[in-house]
Amino acid sequence: MSMNMNMALFLMFLVLRIAWLVASSDLRAGFYSKTCPKAEVIVRDVMKKALMREARSVASVMRFQFHDCFVNGCDGSMLLDDTATMLGEKMALSNINSLRSYKVVDQVKQALEKDCPGVVSCADIIIMASRDAVALTGGPEWEVRLGRLDSLSASQEDSNNIMPSPRANASSLIDLFQKYNLSVKDLVALSGSHSIGQGRCFSIMFRLYNQSGTGRPDPAIDPSYRQELNRICPLDVDQNVTGNLDSTPLVFDNQYFKDLVAGRGFLNSDQTLFTSPHTREFVRLFSRRQTEFFKAFVEGMLKMGDLQSGRPGEVRTNCRFVNARPANLLLQSPRDMESNDK
């Protein structure tokens with residue numbers, strides 16, 4: 001068989017492989033039960049080790065789901081490093097100096113590749129690791145739906161245009177979430193992801209010293225809490241210094257909502273959920289009833305995890321880079337290939 005024939009067969013195999021992956025990407029529980037039965041156990045084990053090394057790291061990984069899924073669907077695009085021809089999402093406004101712990105995902109991927117190479121997508125790792133971050137810090141458990149593909153590109157521009165600022169108010173957040181068929185209740189519950197972890201002084205300097213250009217602090221901040229924040233984030237602070245997002249930053253619970261009721265929300269985009277009449281009652285509900293918060297949070301995570309772009313994809317072997325392939329291999333969606341066959 002000639003070299004040209006071998007190359008043609010190889011390219012055909014790759015095209016069919018990609019088409020099969022795209023066509024079979026319906027999400028379901030137990031997706032890897034046959035192809036990588038220990039996948040979820042492996043992810044949980046790596047997350048446990050990350051939690052023991054640095055508690056904040058799992059909170060960072062948990063927020064990957066929001067930053068990934070809102071930008072062209074849950075496809076692992078936010079994990080891609082920049083290349084000579086692509087500006088990825090890691091340096092986008094909402095991610096730069098904010099998202100961290102990419103190495104934890106790298107460690108998960110390495111462990112999975114050792115056990116079942118080329119099977120588990122980076123996009124699914126984000127979904128499993130986010131669930132585990134919540135469960136390992138005292139929050140609810142839930143069964144995740146898996147079977148996502150990894151994107152072939154990323155877009156810093158899309159991330160900049162989509163992701164909200166820490167200055168966002170409740171109205172703009174409601175509008176954003178509605179674009180993804182996520183309700184006001186989903187918005188408030190998913191904001192509870194700030195039950196664990198820390199935020200940067202950079203994100204609150206305007207609240208402390210120049211809210212809405214007034215030259216004054218945000219009047220919604222409890223005075224004693226403002227004094228605490230002033231000590232953590234004085235005017236001359238390195239703005240990468242961090243403060244706790246709620247009073248129990250190592251435990252996933254409903255303290256975040258109790259803090260909002262007390263005027264002790266760290267971010268403007270947090271406290272606005274209580275000052276706005278459109279979201280206030282859900283904050284009150286979740287502050288009183290943790291079981292209601294946990295239930296709504298799980299529902300919101302599942303709905304957010306279902307966001308898909310419908311674009312062609314793959315299962316990356318390294319979450320930071322798309323897989324190597326011949327330069328002349330054109331990737332087509334199943335719909336495009338069906339059109340070509342007619």
(message) To the nearest 0.5 Å, what is the distance between CD on E281 and NZ on K185?
(response) 13.0 Å

(request) Check L273 against S269 and note the closest heavy-atom contact, atom names and distance. (result) CG-O, 3.7 Å

(message) Tell me whether E143 at atom CD has more than 12 heavy atoms from other residues, nucleotides or ligands lying less than 6.0 Å away.
(response) no

(message) Within this structure, what is the CZ-CD1 distance for the pair F31 and I127, rounded to the nearest 0.5 Å?
(response) 13.5 Å

(message) As an exercise, state the distance from NE2 of H67 to SG of C74, rounded to the nearest 0.5 Å.
(response) 13.0 Å

(message) Assigning hydrophobic clusters by single linkage (Ile, Leu, Val, Met, Phe, Trp, Tyr; side-chain heavy-atom cutoff under 4.5 Å), is M62 placed with M78?
(response) yes

(request) Say whether L146 and V119 are linked into one hydrophobic cluster, either directly or through other cluster members, by side-chain heavy-atom distances under 4.5 angstrom. (result) yes

Under 3.5 Å, side-chain donor or acceptor atoms of residues 188-195 against the rest of the protein: list the pairs with distances, not counting sequence neighbours.
residue : atom : partner : partner atom : Å
S191    : OG   : L187    : O            : 2.8
S193    : OG   : L190    : O            : 3.1
H194    : ND1  : D270    : OD1          : 2.9
H194    : ND1  : D270    : OD2          : 3.3
S195    : OG   : V251    : O            : 3.2
S195    : OG   : D253    : N            : 2.9
S195    : OG   : D253    : O            : 3.0
S195    : OG   : D253    : OD1          : 3.4

(message) If hydrophobic clusters are built by linking Ile, Leu, Val, Met, Phe, Trp and Tyr wherever their side-chain heavy atoms come under 4.5 Å apart, do V241 and Y225 end up in the same one?
(response) yes

(message) Quick check against the 3.5 Å criterion: does D150 have a side-chain atom that pairs as donor or acceptor with the backbone of R316?
(response) yes

(message) Test your reading of the model: is there a side-chain donor-acceptor pair from S121 to the backbone of R148, 3.5 Å cut-off?
(response) yes

(request) Dump the intermediate steps for side-chain contact (heavy atoms from CB on, under 4.5 Å) on Y180 and M304, then the final yes or no. (result) CA-CA 8 Å; Y180 297 94; M304 181 167 60; over 6 Å; no

(message) If I compare all heavy atoms of Y209 with all of N230, which pair ends up nearest, and what's the gap?
(response) OH-ND2, 3.3 Å

(message) Could you measure the distance from the CZ atom of F206 to the OG atom of S212? Nearest 0.5 Å is fine.
(response) 8.0 Å

(request) State, without any angle test, whether S247 and D259 hold a side-chain donor-acceptor pair at a distance under 3.5 Å. (result) yes

(message) Evaluate K179 against D175 for salt bridge (Lys or Arg N to Asp or Glu O under 4.0 Å), listing each step before the verdict.
(response) CA-CA 7 Å; K179 291 177 182 177; D175 290 344; over 6 Å; no

(message) Quick check against the 3.5 Å criterion: does R280 have a side-chain atom that pairs as donor or acceptor with the backbone of T275?
(response) yes

(message) Does atom CZ (F202) have a neighbourhood of more than 12 heavy atoms from anything else shown, all under 6.0 Å?
(response) no

(message) Can you tell me if E157 has over 12 outside heavy atoms packed within less than 6.0 Å of its CD?
(response) no

(request) Report yes or no: does Q198 contribute a side-chain atom to a donor-acceptor pair with the main-chain N or O of L245 at less than 3.5 Å? (result) no

(message) Main chain of L260, side chain of Q271: is a donor-acceptor contact present, judged purely on distance under 3.5 Å?
(response) yes

(message) For P117 versus D115, what's the shortest heavy-atom pair and its separation?
(response) CD-C, 3.9 Å

(message) Closer than 3.5 angstrom, by distance alone: can the side chain of E89 be matched with the main-chain N or O of A154 as a donor-acceptor pair?
(response) no

(message) Walk me through whether E292 and K295 qualify under salt bridge (Lys or Arg N to Asp or Glu O under 4.0 Å).
(response) CA-CA 5 Å; E292 288 296 321; K295 180 182 176 182; 5.5 Å; no

(message) Treating S276 as the side-chain partner and A170 as the backbone partner, does any N or O pair qualify as donor plus acceptor under 3.5 Å?
(response) no

(request) Group every Ile, Leu, Val, Met, Phe, Trp and Tyr by side-chain heavy-atom contacts under 4.5 Å, then state whether Y256 and L250 land in the same group. (result) no

(message) Apply side-chain contact (heavy atoms from CB on, under 4.5 Å) to residues F70 and F177 and explain how you reach the verdict.
(response) CA-CA 9 Å; F70 264 48; F177 274 62; 4.0 Å; yes

(request) Evaluate whether atom CE of M86 has more than 12 neighbouring non-hydrogen atoms of other residues, nucleotides or ligands under 6.0 angstrom away. (result) yes

(message) Would you say Q255 and T248 are linked by a side-chain donor-acceptor pair, where the criterion is simply a distance under 3.5 Å?
(response) no

(request) Kindly say whether F64 contributes a backbone atom to a donor-acceptor pair with the side chain of D68 at under 3.5 angstrom? (result) no

(request) Specify the closest pair of heavy atoms between C233 and I204, including all atoms of both residues, with the distance to one decimal. (result) SG-CD1, 3.9 Å

(request) Output yes when a side-chain donor or acceptor of N72 lies under 3.5 Å from a complementary backbone atom of S309, and no otherwise. (result) no

(request) Would you check, one step at a time, whether the test side-chain contact (heavy atoms from CB on, under 4.5 Å) holds for Q211 with N268? (result) CA-CA 10 Å; Q211 178 77 337; N268 190 78; 3.1 Å; yes

(message) Contact between L173 and P164 at the side-chain level, heavy atoms closer than 4.5 Å - yes or no?
(response) yes

(message) What's the separation between atom CG in D158 and atom OG in S77, rounded to the nearest 0.5 Å?
(response) 8.5 Å

(request) Check the pair L112, Y32 against side-chain contact (heavy atoms from CB on, under 4.5 Å), reporting the backbone distance first and the verdict last. (result) CA-CA 11 Å; L112 288 167; Y32 298 110; over 6 Å; no

(request) Specify the closest pair of heavy atoms between V144 and M128, including all atoms of both residues, with the distance to one decimal. (result) CG2-CG, 4.1 Å

(message) Run R311 and D75 through salt bridge (Lys or Arg N to Asp or Glu O under 4.0 Å) and show every step you take.
(response) CA-CA 9 Å; R311 298 175 179 177; D75 59 3; 5.6 Å; no

(request) Give the minimum heavy-atom separation between S60 and R100, together with the two atoms involved. (result) OG-CG, 3.2 Å

(message) Are F252 and F294 packed together at the side-chain level, in the sense that at least one heavy-atom pair is separated by less than 4.5 angstrom?
(response) yes

(request) Mind checking the CG-CE spacing from D306 to M301? Nearest 0.5 Å is all I need. (result) 12.0 Å

(message) Less than 4.0 angstrom from a charged side-chain N to a carboxylate O is my criterion; do K303 and D186 meet it?
(response) yes

(request) Would you check, one step at a time, whether the test side chain to side chain donor-acceptor pair (under 3.5 Å) holds for S224 with D222? (result) CA-CA 6 Å; S224 63; D222 172 74; 2.4 Å; yes

(request) Kindly indicate whether the side chain of S159, heavy atoms from C-beta on, has any atom under 4.5 Å from the side chain of Q156. (result) no

(request) Kindly assign one of parallel, tilted or perpendicular to the pair F286 and F293, based on the angle between their ring planes and the thresholds 30° and 60°. (result) tilted

(request) Go through the steps for K90 and D81 under the test salt bridge (Lys or Arg N to Asp or Glu O under 4.0 Å), then give the verdict. (result) CA-CA 7 Å; K90 289 182 177 179; D81 285 349; 2.5 Å; yes

(message) I'd like to know if the side chain of D82 and the backbone of G88 have a donor-acceptor N/O pair within less than 3.5 Å.
(response) yes

